[in-house]
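Remarks on the structure that follows.
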There are 2 protein chains.
Amino acid sequence: MSILSKLSFKDQAFKLRETAILDATTAILASKGFDLMTMDDVAQEVGISKPSLYKHFKSKEDLVGAAMIRLIDGALDYLEAMPAGLSPIQQLKDLLAWALRIRLEGGMPFLPSTSTHVREMLTRNLKYVMRVLKLNSKMEVIVQQAQKQGQLNAALPVDVILFAYYARTCDPAVEYLQLYSKLDHETIVESMLEVCFSGLKNQA
Amino acid sequence: MSILSKLSFKDQAFKLRETAILDATTAILASKGFDLMTMDDVAQEVGISKPSLYKHFKSKEDLVGAAMIRLIDGALDYLEAMPAGLSPIQQLKDLLAWALRIRLEGGMPFLPSTSTHVREMLTRNLKYVMRVLKLNSKMEVIVQQAQKQGQLNAALPVDVILFAYYARTCDPAVEYLQLYSKLDHETIVESMLEVCFSGLKNQA
DNA sequence: GTCTATACTTAGATAGAC
DNA sequence: GTCTATCTAAGTATAGAC
């Protein structure tokens with residue numbers, strides 16, 4: 001019994017450290033991006049040595065893959081937790097607002113678009129790809145519902161809507177507005193939603 | 001006289017090679033991005049040695065800066081060459097379509113958004129910053145005209161419109177549509193314009 | 001499992017011959 | 001000005017002591 005509890009305690013500590021590593025990785029990825037993030041950065045941020053880091057994740061690709069999977073899971077959880085009866089378009093708006101708020105606080109979702117290198121790396125990560133496909137099928141359903149109910153433009157192919165939507169979660173305009181405009185976070189989120197769903201054109 | 005013409009001939013050859021270098025750089029940047037592009041890549045693509053490359057550009061930053069400046073100049077030229085009397089919103093649409101077509105053909109404009117690293121590097125390049133500011137002031141005028149004439153949403157801050165617009169020129173949705181959808185180039189361009197100006201929402 | 005110290009590789013930049 | 005050959009720094013990954 002004492003051995004068992006000791007083991008599970010060790011396991012718990014291991015899990016906790018793993019969470020700390022993924023937190024650090026996510027934050028560093030958000031600020032420096034994949035290529036500039038070094039394993040030294042991560043180890044130092046967590047307060048462990050590099051070899052210890054490699055005990056948890058066998059490579060940089062592995063580590064970043066795990067961080068990205070956690071983000072996708074976060075999105076899936078958010079979708080799951082949504083109040084029933086929310087209109088499809090409101091679901092899309094809420095999810096985008098959630099992602100943008102995380103980004104504005106330095107938590108970055110959705111790195112894959114930044115470079116072909118990173119994209120190919122993630123494409124080789126089977127577990128990651130499976131999560132993305134799962135999220136994507138859920139999103140596809142929501143978009144089709146929204147089109148059927150006349151909330152989204154039904155003339156646009158579903159692919160176009162989905163990719164345009166995903167691209168908004170990592171839109172560089174967010175960082176530029178944060179840097180060069182005096183708008184606060186919530187105003188930036190609202191503006192991005194407005195631009196995404198209503199476009200730049202005058203509606204009249 | 002013969003010396004002078006010989007010199008100017010040499011100068012011409014030098015300029016030609018410089019153009020070839022910038023072409024290669026632009027193409028490689030478009031496919032691999034800044035971090036993965038090596039000076040060896042560029043030298044090999046042009047068919048010269050690395051030290052020769054360094055005779056033209058004193059560093060990788062310098063080289064990429066020059067390539068980006070040429071792209072901005074292309075945009076400025078395109079604006080300049082526009083037929084007079086074109087409505088402001090049509091100018092914006094034409095310029096965006098022009099940029100997207102270049103991207104679809106592997107010519108990439110507007111790298112700066114890809115990472116903070118690249119952005120900071122370009123920010124240190126005075127010549128580049130000056131060109132960007134010049135382009136930006138022209139764009140600002142067009143956007144304000146469009147708002148005044150009721151073509152663009154006047155409720156949105158000019159900054160929001162400009163950054164959202166710039167972001168569309170390097171929208172990752174373009175690459176995803178190119179990769180995963182069966183849409184041809186022109187349909188992608190039209191879809192992106194539609195999404196940019198009218199948004200995803202149903203217009204009714 | 002954790003650390004110190006180190007091997008290996010890549011890529012930016014240059015010395016020196018021609 | 002161009003090349004071959006090389007320097008140097010950085011960063012991924014690991015060997016081996018504790």
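Note that the coordinates shown come from a computational prediction; the quantities given were computed from them, not determined experimentally.
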Inter- and intrachain pairs under ring pair (Phe, Tyr, Trp, His ring centres under 6.0 Å), touching residues 45-65 of chain B, at least two apart: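 Those involving residues 45-65 of chain B are B/Phe14-B/His56.
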
Cation-pi geometry met for B/Arg119 and A/Tyr176 (6.0 Å, 45°):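 Yes.
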
I'd like a table of donor-acceptor pairs (distance under 3.5 Å, sequence neighbours excluded) in which one partner is a side-chain atom from residues 189-196 of chain A, with atom names and distances.
| residue | atom | partner | partner atom | Å |
| --- | --- | --- | --- | --- |
| A/Ser191 | OG | A/Thr187 | O | 2.8 |
| A/Glu194 | OE2 | B/Asn153 | ND2 | 3.4 |

Covered region of DNA chain C, 5' end to 3' end, by chain B [heavy atoms, under 4.0 Å]: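 With heavy atoms of chain B under 4.0 Å away, the range is C/dA11 to C/dA15.
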
Under the side-chain hydrogen bond (donor to acceptor under 3.5 Å, both in side chains) test, which residues partner [X], sequence neighbours left out?
X	answer
A/Lys201	B/Ser198
B/Arg17	none
A/Ser52	A/Ser49
B/Asp159	none

Partners passing ring-ring contact (aromatic ring centres under 6.0 Å, His included) against A/His185 (at least two apart in sequence or in another chain):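 For A/His185, no residue satisfies ring-ring contact (aromatic ring centres under 6.0 Å, His included) once neighbours in sequence are set aside.
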
Kindly list each side-chain donor-acceptor pair under 3.5 angstrom involving residues 19-35 of chain A, sequence neighbours excluded, with atom names and distances?
| residue | atom | partner | partner atom | Å |
| --- | --- | --- | --- | --- |
| A/Thr19 | OG1 | A/Lys15 | O | 3.0 |
| A/Asp23 | OD1 | A/Arg70 | NH1 | 3.0 |
| A/Asp23 | OD1 | A/Arg70 | NH2 | 2.9 |
| A/Thr25 | OG1 | A/Ile21 | O | 2.7 |
| A/Thr26 | OG1 | A/Leu22 | O | 2.7 |
| A/Ser31 | OG | A/Ile28 | O | 3.2 |
| A/Lys32 | NZ | A/Asp41 | OD2 | 3.0 |
| A/Asp35 | OD1 | A/His117 | ND1 | 3.4 |

Rounded distance (Å) that lies between atom P of D/dA13 and atom CG of A/Asp41: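 Distance, rounded to whole Å: 14 Å.
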
Euclidean distance, atom CG of residue A/Leu63 to atom C1' of D/dG11 [Å, nearest integer]: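 Between C1' of D/dG11 and CG of A/Leu63: 14 Å.
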
Nucleic acid contacts - residues 44-59 of chain B versus DNA chain C, non-hydrogen atoms under 4.0 Å: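 Heavy-atom cutoff 4.0 Å gives B/Lys50, B/Pro51, B/Tyr54, B/Ser59.
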
Strand contacts (DNA chain D) in residues 15-25 of chain B, 4.0 angstrom heavy-atom criterion: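 Here the set is B/Arg17.
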
Qualifying residues under side-chain contact (heavy atoms from CB on, under 4.5 Å), relative to B/Val158, sequence neighbours excluded: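 So B/Val158 forms a side-chain contact (heavy atoms from CB on, under 4.5 Å) with B/Glu140, B/Val143, B/Gln144, B/Gln147, B/Leu162.
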
5' priority, DNA chain D, between B/Phe14 and A/Met37 [closest heavy atom]: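 Whichever sits nearer the 5' end wins; that is B/Phe14.
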
